[in-house]
Amino acid sequence: MPELPEVENVRNGLKQLITGKTITSVRVLWTNIIKDPSVTEFKQKIAGQKIEDIHRRGKFLLFILSDDVVISHLRMEGKYRLEGPGVPLSKHTHVIFELDTKEELRYLDVRKFGKMSLVEKEKLSSHPSLKDLGPEPTEESLETAHLVEAFKKTGRPVKACLLDQKIVAGIGNIYADEILYDAYVHPEKKGNELNSKEIKRLRDSIVSIMNKAVEMGGTTIRTYANAFGAQGSFQSHLRVYGKTGESCHRCHHTIQKIKVAQRGTHFCPECQKSGRG
DNA sequence: CAAGAGGCCTGTTAGC
DNA sequence: TGCTAACAGGCCTCTT
């Protein structure tokens, strides 16, 4: 379930493996992966373009080509693999970028939830997938004042706010739970009920958890590895996600699982009572 | 406008 | 044991 740290790790691997190579043609085996433009146009425009760089924005991977940019979202299970010619296609391969090196960059996705778009460079920041994204969850980009502004006008649970990519880009279900635990905030507490101390703590927890997860190469759950050794180790630092029934590291009460905003949500009912002072 | 529900998918797991 | 149903999850679209 790639969130920002996993996507960043994939980006690093891809950057080393395919920068400078040219895409000679594209094969699309499951057309729903291609969001826009049409599959025909997607294939035609990409053919012949060189991969100049790989960037990331939130959970989106950005393949910077000669003229255009491929915006790729891995959703839950999307993966890229670089394979030599003639290597049999695995079951869940849906898009294949053939390279001038005779290698193939293959997109695999068990659940077929991932999406790709192609957009001209000049129109990148106005693309619907990117234009409303909030700031990156970093020391430089994420200001407490921005969160204060976003939280004070909503009655949604804070967990839903953290998952809202318009407020902060890149946080998914795993890190949202970890951030709330780190900040001693109850996931169901409403945005407009948070005091300034809580928001400050949340901001600091967002930055520190995401930063640490990136440093550790992300979180690997379900033992899914990929072709680039992009297997993370943050799973050993998880405190609440997937820990239902285990005892809290801080107070030894039992970690509970509930539904918040239709998502499985793990928290410690003792240290996340509602936010303490 | 905001916020919630449904849909997209299939491998895994819980329950009968 | 063998089967089915529920679940997981990010984001878009539709409905309220």
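Numbered from 1 within each chain, the chains take letters A, B, ... in sequence-line order.
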Under 3.5 Å donor-acceptor pairs involving side-chain atoms of residues 140-150 of chain A, not counting sequence neighbours:
from: Ser141(A); atom 1: OG; to: Thr138(A); atom 2: OG1; distance (Å): 3.1
from: His146(A); atom 1: NE2; to: Ile167(A); atom 2: O; distance (Å): 2.7
from: Glu149(A); atom 1: OE1; to: Lys152(A); atom 2: NZ; distance (Å): 3.3

Distances for protein N or O near nucleotides 14-16 of chain C N or O, under 3.5 Å:
none

Quiz prompt | Lys NZ or Arg CZ of Arg250(A) over Tyr181(A) ring: under 6.0 Å, within 45° | solution = yes

*asked:* Please determine whether a side-chain nitrogen of the Lys or Arg among Lys59(A) and Glu8(A) lies less than 4.0 Å from a carboxylate oxygen of the Asp or Glu.
replied: no

Problem - Presence of Tyr241(A) side-chain N/O under 4.0 Å of dG9(C) phosphate oxygens OP1/OP2 - result: yes

Met116(A) atom CE is separated from dC12(C) atom P, nearest whole Å, by 16 Å

So ring-ring contact (aromatic ring centres under 6.0 Å, His included) across residues 34-66 of chain A, not counting sequence neighbours, yields Phe60(A)-His73(A), Phe63(A)-Tyr80(A)

Filtered N/O pairs between nucleotides 8-10 of chain B and protein, under 3.5 Å:
from: dC9(B); atom 1: OP1; to: Asn32(A); atom 2: ND2; distance (Å): 2.5
from: dC9(B); atom 1: O4'; to: Arg111(A); atom 2: O; distance (Å): 3.3
from: dT10(B); atom 1: OP1; to: Lys112(A); atom 2: NZ; distance (Å): 2.8

Sorted by chain and number, sequence neighbours left out, ring pair (Phe, Tyr, Trp, His ring centres under 6.0 Å) with His92(A) holds for none

**Asked** Is it true that Glu98(A) and Arg27(A) have a side-chain N and a carboxylate O under 4.0 angstrom from each other?
**Response** yes

OP1 or OP2 of dA5(B) versus the side-chain N and O atoms of Gln262(A): is any pair under 4.0 Å? yes

Joining Ile, Leu, Val, Met, Phe, Trp and Tyr whenever any side-chain heavy atoms lie under 4.5 Å apart, the cluster holding Leu29(A) also takes in Leu89(A), Ile96(A)

As a check of understanding: the bend across the helix from dA2(B)-dT16(C) to dC16(B)-dG2(C), end axes from five pairs, rounded to 10 degrees, works out to 60°

Residue set satisfying side chain to side chain donor-acceptor pair (under 3.5 Å) with Thr40(A), at least two apart, ordered chain then number -> none

With sequence neighbours left out, the residues meeting side chain to side chain donor-acceptor pair (under 3.5 Å) with Lys21(A) are Glu103(A)

(message) Are the side chains of Val214(A) and Leu4(A) in contact, using a 4.5 Å heavy-atom criterion?
(response) yes

Those residues at least two apart in sequence (or on a different chain) that pass ring pair (Phe, Tyr, Trp, His ring centres under 6.0 Å) with Phe234(A) are Tyr175(A), His237(A)

I'd like to know if the side chain of Glu178(A) reaches the main chain of Arg239(A), judged simply by a donor and an acceptor atom lying under 3.5 Å from each other, with no hydrogens or angles considered. yes

Between CG of Asp36(A) and C1' of dT13(C) the distance, given in whole Å, is 15 Å

For residues 255-263 of chain A, please give each side-chain donor-acceptor pair under 3.5 Å, one per line with the distance, not counting sequence neighbours.
none

Taken to the nearest whole Å, NZ/Lys35(A) to C1'/dT13(C) is 11 Å

Rounded to whole Å, the NZ-C1' distance (Lys257(A) to dT13(B)) equals 11 Å

From CZ of Phe151(A) across to P of dA2(B) the rounded distance in Å is 16 Å

note: Lys79(A), atom NZ; dG11(B), atom P; distance rounded to Å ~ 12 Å

Sorted by number, residues from residues 152-166 of chain A placing a heavy atom under 4.0 Å from DNA chain B are Thr154(A), Gly155(A), Arg156(A)

When rounded to whole Å, the CD to P distance for the pair Glu6(A) and dG10(C) reads 11 Å

> Does a salt bridge link Lys212(A) with Glu215(A), judged by any charged N lying under 4.0 Å from a carboxylate O?
Replying inline: no

**OP:** Tell me whether the OP1 or OP2 atom of dC11(C) has a side-chain N or O from His73(A) closer than 4.0 Å.
**Re:** yes

note: Asp132(A), atom CG; dA2(B), atom P; distance rounded to Å ~ 11 Å

